[in-house]
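As the structure is a prediction and not an experimental result, all values here were calculated from the model.
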Amino acid sequence: VVCTRCGEVRHCPACDLPLSLHRRVRLLLCSRCGHSEPLEDRCSGCGAGRFLPTGLGVERVREELAGALRVPVGLLTAAEAESIYAPVVVGTEHRVLERRWDAILVPDADALLMGGGAGASERAFRVLLRAAEAARELLLVQTRQPEHYVLQAAARGDYPAFAAAELPRLRRLGYPPYGHLASVVFEGSEDAVRHAVEFRLRPLLEPGVGLSGPVPDPRVGKRAFRVLLRAAERRAVARAGALAARLAARTRGLRAQVEIDPQEV
């Protein structure tokens with residue numbers, strides 16, 4: 001989320017990842033360590049008290065462009081391909097970047113950079129690099145952070161520069177390639193999940209295995225909570241994931257989905 005007055009991005013004070021807004025619980029949450037803050041806190045930069053989540057839907061972008069430009073605007077998504085030869089076409093990154101265009105405009109690139117999790121920078125670099133390659137003449141990126149190393153490296157097509165900036169950050173966090181992860185999504189009541197994690201799972205973890213969370217995961221459902229397990233050895237994190245799965249299987253009303261070394265966190 002960003003301050004509507006000065007554009008400051010809200011970061012976790014514990015691990016410096018961007019905080020995500022979860023409207024259901026009215027909290028800003030860190031997807032890595034579980035830190036939470038009330039949404040009503042004021043901006044440390046300018047004192048304003050209004051924050052908004054980043055991110056724009058393709059339908060909204062299409063409507064606003066059609067109204068502003070007064071030209072037909074096409075739509076290209078996984079589910080729809082409408083008027084794709086119009087002067088302007090709006091779509092999702094995967095469909096749009098399958099082909100080349102005279103110009104590509106990336107609205108609100110900060111939503112990519114602040115997508116949450118340690119992998120947001122890598123995902124943003126991948127998308128912006130593909131956008132630069134797919135644009136014949138012009139790449140225009142809307143951002144509040146034009147000096148960000150991801151944007152600078154992607155615009156130049158400079159992977160070594162991106163890696164030189166990104167790898168030390170991943171090392172500090174203990175994320176791949178310097179460690180291994182297991183993502184565990186528990187489905188059940190919040191009280192049941194927190195009791196299972198804090199009093200049954202955490203005490204049984206072997207030395208060297210770290211646990212973050214649980215934090216709400218609205219991408220899965222209203223009763224879903226994500227836990228992240230970290231370890232230097234893959235076998236250790238796999239054993240911890242198996243332990244979480246067995247714990248959920250033995251607990252009435254609780255389910256767990258475990259993914260070892262997830263591509264996205």
Trainee: Judged by atom type as modelled, is there a donor-acceptor pair below 3.5 Å linking the side chain of S189 to the main-chain atoms of A192?
Mentor: yes

Trainee: Checking R230 against H180 for the side-chain contact (heavy atoms from CB on, under 4.5 Å) test, could you report, in this order, the C-alpha distance in whole Å, the side-chain angles of both residues, the deciding distance, and whether it holds?
Mentor: CA-CA 6 Å; R230 300 183 307 281; H180 293 275; over 6 Å; no

Trainee: Do P177 and L167 make a side-chain contact, defined as non-hydrogen atoms from C-beta onward lying under 4.5 Å apart?
Mentor: yes

Trainee: Could you go through E187 and Q257, starting from their C-alpha distance and side-chain angles, then the distance that decides it, and tell me whether this counts as side-chain contact (heavy atoms from CB on, under 4.5 Å)?
Mentor: CA-CA 8 Å; E187 294 184 67; Q257 300 177 14; 3.2 Å; yes

Trainee: Strictly distance-based, threshold 3.5 Å: is any side-chain N or O of D110 a donor or acceptor partner for the main-chain N or O of R144?
Mentor: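 Indeed, once roles are kept as given, a pair shorter than 3.5 Å links the two residues.
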
Trainee: In plain terms, say whether E198 and R194 are close enough for a salt bridge, that is, a side-chain N and a carboxylate O under 4.0 Å apart.
Mentor: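 No salt bridge links E198 with R194.
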
Trainee: Please determine if E166 and R169 form a salt bridge, counting it only when a charged side-chain N lies under 4.0 Å from a carboxylate O.
Mentor: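 Yes, this pair counts.
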
Trainee: How close do A154 and A132 get, counting heavy atoms only, and between which atoms?
Mentor: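 Taking every non-hydrogen atom into account, O-CB, 4.0 Å.
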
Trainee: Closest heavy-atom contact between A135 and I104?
Mentor: N-CD1, 3.9 Å

Trainee: Does one hydrophobic cluster hold both L138 and V71, with members joined at side-chain heavy-atom distances below 4.5 Å?
Mentor: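 Different clusters.
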
Trainee: Check for me, please, whether Y85 and L76 land in the same ILVMFWY cluster - side-chain distances under 4.5 Å, paths through other members count.
Mentor: yes

Trainee: Can you confirm whether more than 12 heavy atoms, excluding those of R100, are under 6.0 Å from its CZ atom?
Mentor: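 Yes, CZ of R100 has more than 12 neighbouring heavy atoms, counting only those of other groups under 6.0 Å.
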
Trainee: Let me check something: do L105 and L65 share a hydrophobic cluster, defined by ILVMFWY side-chain heavy atoms less than 4.5 Å apart, either directly or through other members?
Mentor: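 No; L65 is not reachable from L105 via cluster members.
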
Trainee: Within this structure, what is the NE2-CD distance for the pair H94 and E98, rounded to the nearest 0.5 Å?
Mentor: 9.5 Å

Trainee: Begin with the C-alpha distance, continue with both residues' side-chain angles, and end with the deciding distance and a verdict on side-chain contact (heavy atoms from CB on, under 4.5 Å) for L229 and L181.
Mentor: CA-CA 6 Å; L229 301 166; L181 306 174; over 6 Å; no

Trainee: When rounded to the nearest 0.5 angstrom, what distance separates OG in S121 from CZ in F162?
Mentor: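 S121 OG to F162 CZ: 6.0 Å, rounded to 0.5 Å.
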
Trainee: Nearest 0.5 angstrom please: L75 CG to R95 CZ, how far?
Mentor: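 Output value for this atom pair is 10.0 Å.
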
Trainee: Which atom pair, heavy atoms only, marks the closest approach of A182 to V237?
Mentor: N-CG2, 3.5 Å

Trainee: Ignoring hydrogens, what is the shortest heavy-atom contact between V184 and A256? Give both atom names and the distance.
Mentor: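 Shortest heavy-atom separation between V184 and A256 comes out as CG1-CB, 4.2 Å.
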
Trainee: Are any of the side-chain nitrogens in R62 or E82 under 4.0 Å away from the carboxylate oxygens of its partner?
Mentor: yes

Trainee: Can you tell me how far CZ of F125 sits from CG of D158, rounded to the nearest 0.5 angstrom?
Mentor: 7.5 Å

Trainee: Hey, any chance L69 and L140 share a hydrophobic cluster, counting ILVMFWY side chains that come within less than 4.5 Å of each other, even indirectly?
Mentor: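 Looking at the clustering, L140 is in a separate group from L69.
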
Trainee: Give the C-alpha distance, both sets of side-chain angles, the deciding distance and a yes or no for side-chain contact (heavy atoms from CB on, under 4.5 Å) between V96 and W101.
Mentor: CA-CA 9 Å; V96 167; W101 307 83; 3.7 Å; yes

Trainee: Would the distance check show the side chain of Q142 and the main-chain N or O of V106 forming a donor-acceptor pair, the cut-off being under 3.5 Å?
Mentor: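 Answer holds: no.
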
Trainee: Would F225 and F186 count as a ring pair (Phe, Tyr, Trp, His ring centres under 6.0 Å) if you check the C-alpha gap in whole Å, the side-chain angles of each, and the deciding distance to 0.1 Å?
Mentor: CA-CA 5 Å; F225 301 85; F186 289 99; 9.1 Å; no

Trainee: Do the side-chain N and O atoms of T251 and R200 include a donor-acceptor pair separated by under 3.5 angstrom?
Mentor: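 Short answer, yes.
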
Trainee: Any idea which heavy atoms bring S83 and V89 closest together, and the distance?
Mentor: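 Between these two residues, the closest heavy atoms are O-CG2, 4.1 Å.
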
Trainee: Determine the minimum heavy-atom distance between L139 and A131, stating which atoms define it.
Mentor: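 In this case the closest contact between L139 and A131 is CD1-CB, 3.9 Å.
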
Trainee: When you compare the side chain of I260 with that of R234, does any pair of heavy atoms fall below 4.5 Å?
Mentor: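 SC-SC contact between R234 and I260 confirmed.
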
